[in-house]
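Worksheet: the structure to be examined is printed underneath.
Worth knowing before you read on, the calculation uses all heavy atoms, side chains too, and leaves out hydrogens, waters and symmetry mates. Residue numbers count from 1 along this sequence.
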Amino acid sequence: MAFDNIRLEKGLYSTSKGFTASLEELDPSENYIGTDFEGLDAYQRQLKRFDIKVSGSGSDSVSKFFQTADSAALFPEYISRAVQQGLEEADILPKIIATTTNIDSLDYRAIESVPEQEDKELAAVAEGAKIPETTVKTKDKLTKLHKRGRMLVASYEAIKFQKLDLFTVTLRQIGAYIARTQLADALAAISENEGTEKIQLSGKVGYENLVALWDKLSPYKLTAIVASSSAVADMLGITEFKDSNAGQNFHGTGRMITPFGAEVLKAGNLTGKVLYAIDSSAALEKVQAGGVVTEYDKIIDRQLERAAITATAGFSPIFSDAAKMLTLTD
């Protein structure tokens with residue numbers, strides 16, 4: 001097959017497209033339609049080429065990647081994909097962001113809209129009268145991007161005989177860490193936004209508090225509530241949240257739905273009793289500079305000690321009032 005003749009080298013990682021996209025250009029997946037390799041991408045076909053099994057009871061050891069110089073070039077992509085898998089499994093950001101923008105640099109200036117109350121109401125326009133405006137402008141400040149990640153500290157000698165499915169468990173945890181940290185960055189972008197209304201009350205999270213929060217978010221739709229562990233514990237005790245349908249959903253899936261139809265998302269990094277009410281269709285933009293990045297030079301050369309695995313992203317409010325923050329004190 002064509003993929004048997006491709007030379008794999010470090011240069012495939014250094015392109016702006018990334019390893020898999022560069023490999024796809026050399027070995028397009030469309031050429032395999034109707035064959036046994038249909039449905040596999042270029043990287044997965046290379047795993048087949050070198051007979052490397054990365055999961056399941058029959059998974060190979062780490063050393064299988066380093067049998068040849070070509071197969072060793074696949075190892076950083078394996079790490080990135082395992083970390084990405086863990087990130088996606090732990091990631092609740094897709095439930096609170098409106099859009100994701102991919103950029104090729106570390107400088108990005110987002111747009112925003114700060115509507116007044118009258119801007120939210122489409123009043124009748126008399127003949128010849130001026131049509132109300134919605135102002136969208138470029139922000140004064142650049143969106144702050146944060147590089148989040150972990151350092152992989154392990155000698156090749158220590159891990160070369162470890163099964164890949166076991167090693168994947170460790171890498172997925174790195175991805176989960178990145179997901180939790182990016183969520184903290186997203187919530188910080190909301191709380192630091194001048195247009196975010198911050199409400200402070202005392203006592204427990206009660207049904208009346210949530211109704212008021214839901215009302216204040218209007219005309220936006222309350223789609224998600226991100227809350228601290230303490231706030232979620234209060235919510236589980238609210239009588240209105242204990243109806244049969246909500247209870248069955250929570251006990252069966254672990255997902256909590258409010259009477260307003262909004263999904264409750266627990267954020268372990270939040271302390272105290274804090275809730276964010278969010279319209280996921282309008283509140284946040286995620287800006288990312290590529291995906292998960294590994295230090296491919298070190299890894300290919302078996303210098304795993306202190307090899308960085310990172311993801312760079314930032315968050316910017318779009319409609320400044322499409323999220324509210326509620327803090328309760330005892």
With a cut-off of 6.0 Å (strictly less than), are more than 12 heavy atoms of other residues, nucleotides or ligands near [atom1] of [X]?
| X | atom1 | value |
| --- | --- | --- |
| Lys204 | NZ | no |
| Lys198 | NZ | yes |
| Lys266 | NZ | no |

Cationic N near anionic O, under 4.0 Å, [X] to [Y]:
| X | Y | result |
| --- | --- | --- |
| Asp41 | Arg81 | yes |
| Lys53 | Asp51 | yes |
| Lys17 | Glu24 | no |
| Asp301 | Lys10 | yes |
| Asp185 | Arg148 | yes |
| Asp60 | Lys163 | no |

Quick one: does any side-chain atom of [X] pair with a main-chain N or O of [Y] as donor and acceptor, under 3.5 Å?
| X | Y | result |
| --- | --- | --- |
| Arg45 | Asp4 | no |
| Arg49 | Phe3 | yes |
| Asp234 | Val205 | yes |
| Glu295 | Ala308 | yes |
| Ser228 | Gly272 | yes |
| Lys273 | Thr329 | no |
| Thr196 | Ile190 | yes |
| Thr99 | Glu285 | no |
| Arg306 | Ala154 | no |
| Asp279 | Lys221 | yes |

[Y] side chain reached by [X] side chain, heavy atoms, under 4.5 Å:
| X | Y | answer |
| --- | --- | --- |
| Thr168 | Tyr78 | yes |
| Tyr276 | Leu326 | no |
| Leu217 | Asp215 | no |
| Leu8 | Gln46 | yes |
| Ile199 | Leu201 | yes |
| Leu265 | Ile96 | yes |
| Leu152 | Thr170 | no |
| Val274 | Met325 | yes |

Looking only at heavy atoms, which two atoms of [X] and [Y] are closest? And how far apart?
| X | Y | result |
| --- | --- | --- |
| Gly314 | Thr143 | C-CG2, 4.2 Å |
| Leu275 | Leu210 | CD2-CD2, 3.7 Å |
| Ser316 | Ala110 | OG-CB, 3.3 Å |
| Leu213 | Lys324 | CD1-CB, 3.9 Å |
| Leu183 | Ala267 | CD2-CB, 3.8 Å |
| Ala262 | Ala224 | CB-N, 3.9 Å |

Within this structure, what is the [atom1]-[atom2] distance for the pair [X] and [Y], rounded to the nearest 0.5 Å?
| X | Y | atom1 | atom2 | value |
| --- | --- | --- | --- | --- |
| Leu26 | Leu12 | CG | CG | 6.0 Å |
| Glu89 | Gln173 | CD | CD | 9.5 Å |
| Ile278 | Leu222 | CD1 | CG | 9.0 Å |
| Ser63 | Glu157 | OG | CD | 10.0 Å |

- For Tyr13, enumerate each residue passing the ring pair (Phe, Tyr, Trp, His ring centres under 6.0 Å) test, keeping only those at least two apart in sequence or located in another chain.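 Tyr13 satisfies ring pair (Phe, Tyr, Trp, His ring centres under 6.0 Å) with Phe19, Tyr296 only.
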- Query: Is the Phe167 ring parallel, tilted or perpendicular to the Phe75 ring (thresholds 30°, 60°)?
  - Reply: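 Because their plane-to-plane angle is under 30°, the rings of Phe167 and Phe75 count as parallel.
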- Message: In terms of relative ring orientation, are Tyr32 and Phe37 parallel, tilted or perpendicular, with 30° and 60° separating the classes?
- Response: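 Correct class here is perpendicular.
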- Item | Test side-chain contact (heavy atoms from CB on, under 4.5 Å) applied to Asp70 and Arg7, step by step | CA-CA 7 Å; Asp70 282 300; Arg7 184 182 176 188; 3.8 Å; yes
Between [X] and [Y], is there a shared hydrophobic cluster once you connect ILVMFWY residues whose side-chain heavy atoms come closer than 4.5 Å?
| X | Y | result |
| --- | --- | --- |
| Ile103 | Leu142 | no |
| Tyr108 | Val293 | no |
| Val169 | Ile309 | no |
| Leu236 | Ile225 | yes |
| Tyr177 | Met151 | no |

- Going through the checks in order, is the side-chain contact (heavy atoms from CB on, under 4.5 Å) test met by Asn209 and Leu328? CA-CA 10 Å; Asn209 302 145; Leu328 293 108; 3.6 Å; yes
- Task: Check the pair Phe50, Phe65 against ring-ring contact (aromatic ring centres under 6.0 Å, His included), reporting the backbone distance first and the verdict last.
- Result: CA-CA 8 Å; Phe50 294 103; Phe65 273 105; 9.2 Å; no
- Query: Regarding Thr20 and Glu77, is there a side-chain donor-to-acceptor distance under 3.5 Å anywhere?
  - Reply: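 Per modelled atom types, Thr20 and Glu77 side chains form a pair under 3.5 Å.
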- Message: Applying side-chain contact (heavy atoms from CB on, under 4.5 Å) to Thr181 and Asn269, what does each step give before you reach the verdict?
- Response: CA-CA 8 Å; Thr181 311; Asn269 58 293; over 6 Å; no
- After noting the C-alpha distance and the side-chain angles of Tyr220 and Ser281, does the key distance pass the side-chain hydrogen bond (donor to acceptor under 3.5 Å, both in side chains) rule? CA-CA 9 Å; Tyr220 299 101; Ser281 69; over 6 Å; no
- So Gln182 and Lys286, side-chain contact (heavy atoms from CB on, under 4.5 Å) or not? Walk me through it. CA-CA 10 Å; Gln182 287 187 345; Lys286 179 181 180 182; 3.4 Å; yes
